Peer 1: 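Below you'll find the structure I mean.
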Amino acid sequence: MLDIQFIRDNADLVQEKSKQKGYEVDIQQLLGFDKERRELIGKVEELRQQRNELTAQTKGVKPSDEQIAKGRELRDKVTDFEHKLAAIEKEYEVLLKTVPNMSLSDVPIGKSEDENQEVKKQGEPTKFDFEPKSHAEIAEAKGWIDKERAAKVAGSRFAYLKGDLVKLQFAIIQFTIDKLTDTEFLDAIIKENNLQVSNKPFTPVLPPYMIRTEVYDAMDRLEPREDRYKLDQDDVWLQGSAEHVLGSMHMREGIDDKDLPVRYLGYATSFRREAGSYGKDTEGIFRMHQFDKLEMESITDENTGLDEHKLLVAIQEKLMQELKIPYRLLEKCTADIGKPNAKGMDIDAWLPGQNQYRETHTADYMTDYQSRRMNLLYSKGLAHTNDATAFALGRTMIAIIENYQTAEGNVNVPEVLQAYIGGKTQI
RNA sequence: GGAAGGGUGUCCGAGUGGUCGAAGGAAACGGUCUUGAAAACCGUCGUGCCAGCAAUGGUACCGUGGGUUCGAAUCCCACCCCUUCCGCCA
């Protein structure tokens, strides 16, 4: 959430920025509650002070009847005002939590994802001297994807992945872990992009897949709930991204300067109900209820947060370049960056089988907004957090299958992955 | 699933209903001593909120919520969480 003091001082700006993101919040109403709340706090504390003074007089000695009567009167008054305060405070907090994070000034203003701005195109769309197939056609012919049996067992939007596709996934995972734990790899990227950040390697993490309601809400990623899986028996949710369980890992902790940046590379199977997407992306493995991702997560300070964001994007680009997959880079507009985020980038891979660019990775920068809700502090203040997908494995495999397909319906293995898949050049 | 124990400040850990924002220790920071370091000694050492330009003052916080009381870390109730043992199990 935003700092109330900041909102008081910049009411018009916050109102405007919220509107740009598409959020209907009434800042004046919020400030009204804030004013009322502060008046009541003054009243309550004044009464408490009187009570404390009275109590101090009777320390160690038996209070007189008069003092007890006075004490009773004060107690009743305090209780009365405390109830009034609690009611106002509740409304105040609900409203405060609906205020989205402010976008940075260079984020383009837009009403939907259609207004995201392309900032870069890398590589030419792959050309074939035959009609390219979609990943679904190739993979189903190969026996790599079986959605029919998955539907029988688990329902729609699930799949069995089999054979060489599984090998390919594990190859990508191992390749990525090797790269992100390699200081030299990071050094090269940092130098190339002229970033003022540490070359500290990422720590690989296998996180829990479940998350408590309270923590999910503090991450500001619980909504929309219709898109989350809930395990009622235990009052926990299945995480919808490794971000949810990695970003919250240090909740309610203080972090020393010397430990910054904190960098994690998490691998997790994630779960989304994909509510509202019925009939969309039904081909292949575009939009599964369950999908695997490698996620980068870092905690920094105010000074290095933005460069860290640039680093994560640069890493994503580098990985795509090493796989030799054409992509474009989009600067997300205000409507698309998401409530807790201050800035965001998308990487869309070129998919010949779809004849279009499709979102493959995303990177979000969060400033201290989220830290405020999680009470995440470092020794000089509130931490800034960054989240970015290193590889959404399903989407990456779609991109590999479609870009590396042969006329015979096989798939060449990207050079950098060959060592991880037993030296095979084609699957 | 059965049984037991426990949640106090950065950490460990004490705490008869008023003298407890809280002993003691450790860590950290500053200093003395030392060529330097260690040790020793001295000092500092929680957070939120409200008011204030500030100094500062006030208030709250001992898992969470409620209750008893003139007064609660301390008593009562409910809940949450953690740990250990047994059982089951990849």
Side-chain angles (χ1 to χ4, degrees), chain A residues 1-10 30-97 99 206-219 222 230-238 245 248-260 262 267-269 290 299 301 368-383:
Chain A
M1 67 182 110
L2 289 176
D3 182 11
I4 186 63
Q5 187 62 52
F6 181 85
I7 298 176
R8 281 177 207 144
D9 296 343
N10 303 276
L30 172 65
L31 291 179
F33 283 132
D34 178 46
K35 184 159 177 277
E36 214 174 325
R37 169 181 153 267
R38 285 195 285 170
E39 282 165 5
L40 281 167
I41 287 173
K43 202 79 190 155
V44 166
E45 296 198 342
E46 189 190 318
L47 287 165
R48 281 176 180 161
Q49 185 177 359
Q50 286 176 30
R51 186 187 61 188
N52 287 345
E53 280 166 3
L54 178 71
T55 311
Q57 286 169 24
T58 63
K59 248 179 207 169
V61 296
K62 242 199 171 101
S64 66
D65 288 350
E66 201 183 316
Q67 284 170 323
I68 288 177
K70 178 73 183 158
R72 280 207 181 112
E73 190 195 324
L74 282 171
R75 180 190 63 194
D76 293 343
K77 271 193 191 166
V78 168
T79 308
D80 184 38
F81 278 104
E82 277 174 346
H83 286 317
K84 282 182 188 157
L85 176 62
I88 289 292
E89 213 139 48
K90 199 173 168 188
E91 299 203 60
Y92 160 81
E93 265 164 34
V94 166
L95 209 51
L96 180 60
K97 275 162 76 169
V99 181
L206 293 174
Y209 288 8
M210 295 184 199
I211 180 166
R212 297 182 204 279
T213 302
E214 176 203 357
V215 179
Y216 220 168
D217 189 43
M219 278 295 291
L222 180 56
K230 174 91 184 282
L231 302 177
D232 276 324
Q233 200 179 347
D234 298 285
D235 193 30
V236 291
W237 306 72
L238 287 172
V245 280
S248 50
M249 198 171 163
H250 290 280
M251 185 176 181
R252 284 188 227 104
E253 281 182 31
I255 298 173
D256 280 343
D257 285 2
K258 63 174 165 54
D259 295 325
L260 294 180
V262 173
Y267 170 77
T269 300
Q290 172 192 321
I299 302 172
D301 60 24
D368 67 7
Y369 172 91
Q370 204 180 50
S371 299
R372 212 169 269 286
R373 298 190 65 175
M374 293 193 297
N375 272 323
L376 176 63
L377 298 137
Y378 80 108
S379 59
K380 285 178 188 154
L382 288 153

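Per chain, numbering begins at 1; letters A, B, ... match sequence-line order. None of the values given here were measured: they were computed from a predicted structure. The figures here come from the full heavy-atom set of this structure, side chains too, leaving out hydrogens, waters and symmetry mates.
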Peer 1: Taking for each residue the nucleotide of RNA chain B bearing the nearest heavy atom, is the 5' side occupied by A/Arg48 or by A/Tyr92?
Peer 2: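 Counting from the 5' end, the first nearest nucleotide belongs to A/Tyr92.
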Peer 1: Output the rounded distance in Å from CG (A/Leu47) to C1' (B/G58).
Peer 2: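 Interatomic distance, CG of A/Leu47 to C1' of B/G58: 13 Å.
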Peer 1: With heavy atoms under 4.0 Å as the rule, sort A/Arg37 into base, sugar-phosphate or nothing.
Peer 2: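 The answer is sugar-phosphate, as A/Arg37 gets under 4.0 Å only of primed atoms, P, OP1 or OP2.
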Peer 1: Out of curiosity, A/Asn10 CG to A/Gln5 CD, how far, rounded to the nearest 0.5 Å?
Peer 2: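 Between A/Asn10 CG and A/Gln5 CD, I get 9.5 Å after rounding to 0.5 Å.
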Peer 1: Over how many whole Å does the gap from A/Glu89 atom CD to B/U59 atom C1' extend?
Peer 2: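 Interatomic distance, CD of A/Glu89 to C1' of B/U59: 13 Å.
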Peer 1: Can you give the donor-acceptor pairs under 3.5 Å from side chains of residues 72-86 of chain A to other protein atoms, not counting sequence neighbours?
Peer 2:
from, atom 1, to, atom 2, distance (Å)
A/Thr79, OG1, A/Arg75, O, 2.7
A/Glu82, OE2, A/Arg48, NE, 3.3
A/Glu82, OE2, A/Arg48, NH2, 2.8

Peer 1: How does RNA chain B look in dot-bracket notation if pairs are Watson-Crick or G-U with both distances under 3.5 Å, crossing ones as [ ], other-strand ones as |?
Peer 2: ((((((((.[[[..)..(.....]]].(((((.......))))).((((((....)))))).[[[[[..)....]]]]])))))))....
Peer 1: Using atom C1' in both nucleotides, what's the gap between B/U19 and B/C12 to the nearest angstrom?
Peer 2: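 About 26 Å, rounded to a whole number of Å.
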Peer 1: Roughly how many Å apart are B/A38 and B/A27, using the P atom of each and rounding to a whole number?
Peer 2: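 Going atom to atom, P in each nucleotide, I get 12 Å.
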Peer 1: Can you tell me, in whole Å, how much space there is between the C1' of B/U64 and that of B/C11?
Peer 2: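 To the nearest whole Å, 23 Å.
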Peer 1: Please name all residues satisfying side chain to side chain donor-acceptor pair (under 3.5 Å) with A/Lys90, sequence neighbours left out, ordered by chain then number.
Peer 2: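 With sequence neighbours excluded, A/Lys90 shows a side chain to side chain donor-acceptor pair (under 3.5 Å) to no residue whatsoever.
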Peer 1: Rounded to the nearest 0.5 Å, what separation is found between the CG atom of A/Asp217 and the CH2 atom of A/Trp237?
Peer 2: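 Here the rounded value is 10.0 Å.
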Peer 1: Atom CG of A/Leu231 and atom CG of A/Leu238: how far apart are they, to the nearest 0.5 Å?
Peer 2: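 So the CG of A/Leu231 and the CG of A/Leu238 are separated by 4.5 Å.
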Peer 1: Using whole Å, what does the distance between atom P of nucleotide B/C53 and atom CG of A/Asp9 come to?
Peer 2: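 Taking atom P of B/C53 as the reference, CG of A/Asp9 is at 13 Å.
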Peer 1: Using atom C1' of each nucleotide, how far apart are B/A26 and B/C45 to the nearest Å?
Peer 2: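 Here B/A26 and B/C45 have their C1' atoms 13 Å from each other.
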Peer 1: OP1 or OP2 of B/U59 less than 4.0 angstrom from a side-chain nitrogen or oxygen of A/Asn52, does that happen here?
Peer 2: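 So the side chain of A/Asn52 is within the cut-off, an N or O lying under 4.0 Å from OP1 or OP2 of B/U59.
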Peer 1: Is there a donor and acceptor pair, one atom on the side chain of A/Gln49 and one on the base of B/G58, closer than 3.5 Å?
Peer 2: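 A donor-acceptor contact between them is absent.
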Peer 1: CD1/A/Ile88 to CD/A/Glu93 distance, rounded to the nearest 0.5 angstrom?
Peer 2: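 Separation between the atoms: 12.0 Å.
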Peer 1: Partners of A/Glu89 by salt bridge (charged side-chain N to carboxylate O under 4.0 Å, His left out), sequence neighbours excluded?
Peer 2: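 Only A/Arg37 meet the salt bridge (charged side-chain N to carboxylate O under 4.0 Å, His left out) criterion with A/Glu89.
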Peer 1: Counting only heavy atoms not in A/Met251 (residues, nucleotides, ligands), do more than 12 fall under 6.0 Å from its CE?
Peer 2: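 Yes, because the 6.0 Å sphere around CE of A/Met251 holds more than 12 heavy atoms from other groups.
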Peer 1: Take the protein atom CZ of A/Arg8 and the nucleotide atom C1' of B/C50, then report the distance between them rounded to whole Å.
Peer 2: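 So the CZ-C1' distance, A/Arg8 to B/C50, works out to 9 Å.
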Peer 1: Give the rounded distance in Å between these two atoms: CD of A/Glu82 and C1' of B/A60.
Peer 2: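 Distance check: A/Glu82 CD to B/A60 C1' gives 10 Å.
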Peer 1: How long is the gap from NE2 on A/His250 to CD1 on A/Ile299, to the nearest 0.5 Å?
Peer 2: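 Spacing of NE2 (A/His250) from CD1 (A/Ile299) equals 5.0 Å.
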Peer 1: When the C1' atoms of B/A78 and B/U68 are compared, how many Å lie between them, rounded to an integer?
Peer 2: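 So the two C1' atoms sit 15 Å from each other.
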Peer 1: Applying side chain to side chain contact (heavy atoms under 4.5 Å, CB included), can you list everything that pairs with A/Asp368, at least two apart in sequence or on another chain?
Peer 2: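 A/Asp368: side chain to side chain contact (heavy atoms under 4.5 Å, CB included) contacts with A/Arg372, A/Leu382, A/His384.
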Peer 1: For nucleotides B/U8 and B/U74, find the distance between their P atoms and express it as a whole number of Å.
Peer 2: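 Pairwise P distance, B/U8 against B/U74, rounds to 14 Å.
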Peer 1: Of the nucleotides B/C82, B/G58, B/C49, which one has an atom closest to the side chain of A/Ile41?
Peer 2: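 For the A/Ile41 side chain, the nearest candidate turns out to be B/C49.
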Peer 1: Determine the interatomic distance between C1' on B/C86 and the same-named atom on B/C70; round to the nearest Å.
Peer 2: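 It comes out at 50 Å once rounded to the nearest Å.
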Peer 1: Determine, for nucleotides 61-72 of chain B in 5'-to-3' order, which nucleotides have protein heavy atoms under 4.0 Å from the base (write B), from only the sugar-phosphate (write S), or from neither (write -).
Peer 2: ---------BS-
Peer 1: Could you measure between the two C1' atoms, the one in B/C49 and the one in B/C42, and give it in whole Å?
Peer 2: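 It comes out at 35 Å once rounded to the nearest Å.
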Peer 1: Whole Å only: how far is the CD atom of A/Gln5 from the C1' atom of B/G48?
Peer 2: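 Whole-Å distance recorded here is 14 Å.
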Peer 1: What's the CD-C1' distance between A/Glu214 and B/C81, to the nearest Å?
Peer 2: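 That distance rounds to 10 Å.
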Peer 1: Taking CG from A/Leu40 and C1' from B/A51, how many angstroms apart are they, rounded to a whole number?
Peer 2: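 Computing the A/Leu40:CG to B/A51:C1' distance gives 15 Å.
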Peer 1: I'd like to know if A/Lys35 and A/Glu39 make a salt bridge, using a cut-off of under 4.0 Å between side-chain N and carboxylate O.
Peer 2: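 A/Glu39 and A/Lys35: salt-bridged.
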